[in-house]
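Keep in mind the model is a prediction, meaning the values are calculated, not measured.
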Amino acid sequence: MKNVPKAIIVLWISLLFMMYWPQGVGAASVQEDNRPVPITTWEVKWGNAHDQGFISEVERPDEVWERQGLEKPDYTTVNPSKSLWTRLTIPQLGEDNSAIRFENIKGQHIVIYLKDRKVYENYHYNYDNNAVLLPLSIKNSNEQLYIWTENANGRLGIFGTIEVGRYTILQERYIHNGLLDVILGATFLFTAITMLSCTFFFGKFHKGLWISLCVVMGSIGTMIITYSQFLYTFYQIYGDLYSILFDMAMLAGMPALCYFFEQIIGKGPYGIFTKLRKFQLVYSGIAILALLLYFISSGQWDVLYVFLVQKAIGIILVILLTLLMIGTISQALKRNKEAILLAAGYSTFALISVAELLWYYQRNGTYHLIWWKWSMVAFIIALIAILGSRFAEKHRQVIEYSKELELFNNELQRSEKMEIISELAASVAHEVRNPLQVTRGFLQLMTEQEDNKNKGYVRIALEELDRASGIITDFLTFAKPEFDHIASLNIAEEFTHIEGILVPMANLEGGKITTDIPPDLWIRGNSSKFKQAFINIIKNSIEALQGQGQIDIWAYAQDGMIKVHVRDNGEGMDEEALVRLGEPYFSNKIKGTGLGMMVTFRIVEAMHGEISFTSTKGVGTEAVVSFAEFVD
């Protein structure tokens with residue numbers, strides 16, 4: 001039993017050795033066998049001005065082949081023919097399912113022969129970086145491969161690696177980069193089309209920004225797709241169309257980009273960004289016309305197109321991107337949130353794009369632009385985020401406007417109610433007061449003739465008539481708040497009279513009133529109506545004390561306004577009662593008519609003042625009344 005653990009260990013080691021060692025060696029061998037073989041040397045010679053890539057022109061006796069390779073791939077177009085022949089030997093192949101992959105062949109027109117048989121030819125277009133994959137079989141071992149390249153604008157020959165190996169492995173490498181470009185570009189293009197379809201639902205709500213963003217995204221997607229080697233390899237017959245679409249997308253996207261930036265960062269100093277947008281719009285329009293003319297004439301009228309689209313556009317693009325980056329960073333330094341977000345995404349794109357363009361021109365067009373496509377993702381995300389923040393801000397404003405509209409609607413309804421009550425009170429109050437006064441007079445005469453028992457009833461009737469007369473007086477005050485006599489009122493003196501009336505009432509209820517009012521506060525108004533308004537407010541505070549409590553009254557001047565505070569520690573009101581305060585016939589008191597606070601609001605309003613209440617149930621209520629300060 002002691003040897004059982006050792007036996008288990010030995011067994012596990014044996015199993016692992018049997019399972020992995022042979023297969024591991026075999027896999028390594030297979031991997032070694034499947035690894036593509038690089039070709040590092042080849043031969044070149046200049047083509048004839050009239051050979052047009054025919055194989056019959058290869059073996060001219062008056063010219064010799066020059067040995068070339070990865071260590072010396074640089075061939076310039078110093079020869080008037082602007083064409084070059086390249087020759088290499090296919091190594092020994094181990095299977096029929098083989099291929100040869102060229103990472104980059106420079107040329108606008110390429111023809112490839114295996115011995116004397118043409119196996120590949122592209123068509124004339126402006127894209128001169130070409131990845132090529134050719135299938136091979138065992139019978140092609142040790143055969144000569146001839147490549148004819150022609151390029152009117154750049155370098156010629158083979159750049160990058162040449163590999164020979166299994167077709168499936170090389171095909172995966174060959175398709176990988178180009179297909180990623182197509183997927184990325186299609187994503188941008190599909191998103192732009194989807195966003196553009198939503199434009200019909202926006203009206204004028206940021207419509208210009210939205211459309212410009214869609215144009216920018218669509219142009220970027222088109223440029224990425226038409227710049228991909230994938231299309232030029234599998235659908236090379238449409239090479240001219242890809243080139244034209246690429247140029248048109250770039251020319252359409254540049255004014256849209258300028259417009260988007262102008263809307264975000266403004267016109268700039270001296271209106272530079274507005275001028276830049278107008279210039280770019282004119283330039284793109286002329287360049288597109290030159291492009292169409294070139295396309296219609298099948299390349300015969302190409303002078304304007306070559307200058308505007310092929311030569312000048314790179315310099316203009318560098319200047320444009322640099323100016324926009326400077327403007328964006330300057331706005332970001334001013335702590336503009338949208339500019340900061342734009343600067344983060346755009347600087348990433350602009351720096352990489354400018355650096356790649358400069359490197360492209362420094363290499364005389366031999367560099368294949370790669371990173372600008374991926375930096376564009378950060379830029380587009382920034383643009384979408386900015387537009388999203390604009391929509392969020394508009395949504396917030398709409399909510400605020402809706403709340404203000406609701407408040408305005410409520411105020412309008414309240415004003416309409418007040419107007420109706422005012423008209424009704426003015427028409428009824430005078431008619432009712434006269435018979436009440438006559439009835440009160442007869443009741444006073446009856447008290448002299450009645451016995452003690454009936455005198456009590458008559459006294460109650462007189463009190464109720466006086467109460468009804470007070471209600472009518474409130475109606476008249478509400479219906480006609482205009483004051484016959486306007487004077488300068490000293491707040492301290494007015495409250496001295498109010499205290500004389502209400503302090504005994506407060507003491508009777510068990511409450512206490514304290515005042516703190518400076519003697520130099522003056523307003524314009526009617527003294528009796530001013531007292532009536534504050535008597536109504538303070539009486540409500542006294543009744544809210546429920547037997548005991550404190551009422552504090554103080555006033556002060558602030559920003560040209562006189563503010564008077566009345567605060568009690570009574571029972572307070574809930575939110576629902578506080579909102580309805582001042583409505584006709586609304587009252588928290590059992591015997592209240594609801595007219596007192598309505599009259600108070602109307603008096604303050606007629607004196608061009610404002611009144612507001614804050615209250616907490618069980619804590620108390622505070623009223624703040626504001627009037628314009630009078631300065632003699």
Working for side-chain contact (heavy atoms from CB on, under 4.5 Å), residues Ile105 and Thr149: CA-CA 8 Å; Ile105 301 177; Thr149 55; 3.5 Å; yes

From CA spacing to verdict: side-chain contact (heavy atoms from CB on, under 4.5 Å), Phe246, Thr222: CA-CA 7 Å; Phe246 180 91; Thr222 304; over 6 Å; no

Verdict with supporting geometry, Ile158 and Asn104, side-chain contact (heavy atoms from CB on, under 4.5 Å): CA-CA 6 Å; Ile158 297 174; Asn104 187 7; over 6 Å; no

Ile211 and Leu213: CA distance, side-chain angles, deciding distance, side-chain contact (heavy atoms from CB on, under 4.5 Å) verdict: CA-CA 5 Å; Ile211 293 176; Leu213 178 59; over 6 Å; no

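A salt bridge does not link Glu43 with Arg67: none of the charged nitrogens is closer than 4.0 Å to a carboxylate oxygen. Arg166 has a carboxylate O that lies under 4.0 Å from a charged side-chain N of Glu95, or vice versa, which qualifies the two as a salt bridge.
The two residues Ile316 and Met254 make their nearest non-hydrogen contact at CG2-CE, 4.1 Å. Nearest approach of Leu170 to Ala99, heavy atoms of both residues: CD1-O, 3.2 Å. Looking at every heavy atom in both residues, Arg277 comes nearest to Pro255 through CG-O, 4.1 Å. Between Ala287 and Leu308, the shortest heavy-atom contact is CA-CD1, 4.1 Å. Of all heavy-atom pairs spanning Tyr242 and Thr226, the tightest one is O-CB, 3.5 Å. A pairwise comparison of heavy atoms in Leu84 and Gly157 identifies CD2-CA, 3.8 Å as the closest pair.
Classified by interplanar angle (parallel below 30°, tilted 30° to 60°, perpendicular above 60°), the ring pair His109/Trp148 is perpendicular.
Judged by distance alone, with hydrogens and angles left aside, the side-chain atoms of Ser141 form a donor-acceptor pair with the main-chain N or O of Leu93 at under 3.5 Å. The main-chain N or O of Gly107 is found under 3.5 Å from a side-chain atom of Asn130 such that the two form a donor-acceptor pair. Asp247 places no side-chain N or O within donor-acceptor distance of the main-chain N or O of Ile244, the cut-off being under 3.5 Å. Of the possible donor and acceptor atoms, one in the side chain of Ser284 sits under 3.5 Å from a partner among the backbone N and O of Leu251.
In this structure, the side chains of Ile162 and Trp42 come closer than 4.5 Å at one or more pairs of heavy atoms. Contact check for Arg117 versus Tyr113: no side-chain heavy atoms found under the 4.5 Å cut-off. You'll find the side chain of Ile100 reaches within 4.5 Å of the side chain of Leu88, heavy atoms only. Looking at Leu156 and Trp46, their side chains come closer than 4.5 Å, going by heavy atoms from C-beta outward.
For Tyr305 and Tyr294, the gap between ring centers is short of 6.0 Å.
Rounded to the nearest 0.5 angstrom, Ile272 CD1 and Lys275 NZ are separated by 8.0 Å. Note that OG of Ser98 is 7.0 Å distant from CD1 of Ile138, once rounded to the nearest 0.5 Å.
Both tests hold for Arg87 against Trp65: distance to the six-membered ring centre under 6.0 Å, angle to the ring axis within 45°.
Taking a 6.0 Å sphere around CZ of Phe295, one finds it holds 12 or fewer heavy atoms contributed by other residues, nucleotides or ligands.
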For a quick test of your reading: what N or O donor-acceptor pairs under 3.5 Å do the side chains of residues 188-197 make, sequence neighbours left out?
residue : atom : partner : partner atom : Å
Thr191  : OG1  : Thr187  : O            : 2.7
Thr194  : OG1  : Phe190  : O            : 2.8
Ser197  : OG   : Thr194  : O            : 2.5

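Between the side chains of Thr89 and Gln144, at least one donor-acceptor pair of N or O atoms lies under 3.5 Å.
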